[in-house]
Amino acid sequence: MYEAFYGLREKPFSIQPDPDFLFMSKRHRLAFTMLEYGIQCRVGFSVICGEIGCGKTTLVRKLLATLDASVTVGLVYNTHTGIADLLEWIMLAFGQPYLAATQVERYDRFQQFLLAEYAARRRVVLIVDEAQNLNAGALESLRMLSNINADKDQLLQVILIGQPQLKQLLNRPELHQFAQRVGVDFFIPPLAAPEVALYVQHRLQVAGRQQELFSQEALGRIAQASRGVPRSINILCDTALVYGFSAEAASIDAAMVDEVLQDRREYGFLQDQAQ
């Protein structure tokens, strides 16, 4: 809608995860490095936590884009507290047969799959998103799978991605043994105010605009209202550009952002972090 008016090739503030738009703040860069380290060093469990909308899923997608054919990846997204045993979901994630089999048979099949991948010199990495939804039983089933080893090598590496509740879950007494297996543990906080301005400019540049579009005062308002959460920043900036386009404004100033925020308070039906 507003792309051509503001000299953009595409929408710069979509809330869909897109590795091309990933802004590598200091903490995002460290999280990415820790994930790479975990895979390269065959760490059994890596845990990355952060608030909703902080860029965890986008970070994982960037990681996947860097992996070569020597790494076999399985993704589990449909997590919920009703899952007592993750093995069926894990086998499905790796394209392995799981129907009409007992639990013991499924375990044996998955073990044979891991051994075959190891023999082919491929590492197996399981990524579980929204892992804070898992219960203690599901996490314990993961720990048991991590016991499948060959000599000194870990055959299955697990990356858990989740909201801050995941850290609370892993600190429960009954998961003490699981927590001891975690080799990489990293938290991604919201962006600091100076990082918000860099984040906005980064996404505009990726979308094709080199000139500044938001005034410093406008960026300050966005940083405060969004609390530094990337998804909330995107929603505010995208709405501000729609308002700017409607008003044929050459740039977005603080008054424009204030109007967006005021309208969201008065007429919006969702109360979110961008209020």
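For the numbers below, each heavy atom of this structure counts, side chains included, while hydrogens, waters and symmetry mates do not. Residue numbers start at 1 and run along the sequence shown.
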Could you see if [X] belongs to whatever hydrophobic cluster contains [Y]? Use Ile, Leu, Val, Met, Phe, Trp, Tyr and a side-chain cutoff under 4.5 Å.
X	Y	value
L114	L142	yes
L59	I161	yes
Y37	I39	yes
F21	F32	no
L204	V206	no

Are any side-chain N or O atoms of [X] and backbone N or O atoms of [Y], one a donor and one an acceptor, separated by less than 3.5 Å?
X	Y	answer
T33	R29	yes
S246	Y243	no
Q205	H202	no
E259	M256	no
H28	C54	yes
R27	F187	yes

Exercise. Just one of F5, Y6, Y2 clears the ring pair (Phe, Tyr, Trp, His ring centres under 6.0 Å) bar with F245, so which one?
Worked result: F5
For this session: Return the set of residues passing ring-ring contact (aromatic ring centres under 6.0 Å, His included) with F214 (not counting sequence neighbours), or none when no residue passes.
Result: none
[atom2] on [Y] to [atom1] on [X], rounded to 0.5 Å:
X	Y	atom1	atom2	result
C49	K167	SG	NZ	6.0 Å
L67	K62	CG	NZ	11.5 Å
L261	Q224	CG	CD	9.0 Å
Y107	I148	OH	CD1	3.5 Å
L170	Q132	CG	CD	11.0 Å
E174	L169	CD	CG	8.0 Å

Exercise. Got a salt bridge between E88 and R106, using NZ or NE/NH1/NH2 to carboxylate O under 4.0 Å?
Worked result: yes
Are any of the side-chain heavy atoms of [X] and [Y] separated by less than 4.5 Å?
X	Y	value
I252	S215	no
S70	R121	no
I15	I235	yes
L160	I48	no
P194	L198	no
P12	L241	yes
V71	D68	yes
R231	I52	yes

Heavy-atom pair of closest approach, residues [X] and [Y]:
X	Y	answer
R172	A136	NH2-CB, 4.4 Å
S232	S226	CB-CB, 3.8 Å
A131	L166	O-CD1, 3.8 Å
P190	V229	CB-N, 4.3 Å
S141	L86	OG-N, 3.5 Å
L219	A197	CD1-CB, 3.7 Å

Problem set entry | Derivation of the side-chain hydrogen bond (donor to acceptor under 3.5 Å, both in side chains) call for R181 and S146 | CA-CA 9 Å; R181 302 286 185 93; S146 73; 2.7 Å; yes
For this session: Show your working on side chain to side chain contact (heavy atoms under 4.5 Å, CB included) between S46 and Q157 and close with a plain yes or no.
Result: CA-CA 8 Å; S46 301; Q157 296 175 250; over 6 Å; no
For this session: Show your reasoning for whether side chain to side chain contact (heavy atoms under 4.5 Å, CB included) applies to Q216 and E212.
Result: CA-CA 9 Å; Q216 291 303 307; E212 291 186 358; 4.2 Å; yes
Exercise. Yes or no on side-chain hydrogen bond (donor to acceptor under 3.5 Å, both in side chains) for N234 and Y199, after CA distance, side-chain angles and deciding distance?
Worked result: CA-CA 10 Å; N234 287 359; Y199 172 88; 2.7 Å; yes
Exercise. Stepwise, does the side-chain hydrogen bond (donor to acceptor under 3.5 Å, both in side chains) test hold for D129 with T79?
Worked result: CA-CA 7 Å; D129 202 2; T79 57; over 6 Å; no
Problem set entry | side chain to side chain contact (heavy atoms under 4.5 Å, CB included), paired with I159, selected from V43, L126, V60, L63 | L63
For this session: Measure from the ring center of F45 to the ring center of F178 and say whether it is less than 6.0 Å.
Result: yes
For this session: Using the six-membered ring wherever Trp is involved, compare the ring planes of F110 and F94 and label them parallel, tilted or perpendicular (cut-offs 30° and 60°).
Result: tilted
Problem set entry | Trace of the side-chain hydrogen bond (donor to acceptor under 3.5 Å, both in side chains) decision for Q262 with E266 | CA-CA 6 Å; Q262 182 64 29; E266 291 188 7; 2.4 Å; yes
Exercise. Can you check side chain to side chain contact (heavy atoms under 4.5 Å, CB included) on T72 and F113, steps first, answer last?
Worked result: CA-CA 11 Å; T72 300; F113 162 71; 4.3 Å; yes
Seminar exercise, completed: Given the options K56, Q168, E130, Q163 meets side-chain hydrogen bond (donor to acceptor under 3.5 Å, both in side chains) only with E130
For this session: Would you please test V260 and R221 for side chain to side chain contact (heavy atoms under 4.5 Å, CB included) and show each step?
Result: CA-CA 11 Å; V260 170; R221 298 282 206 285; over 6 Å; no
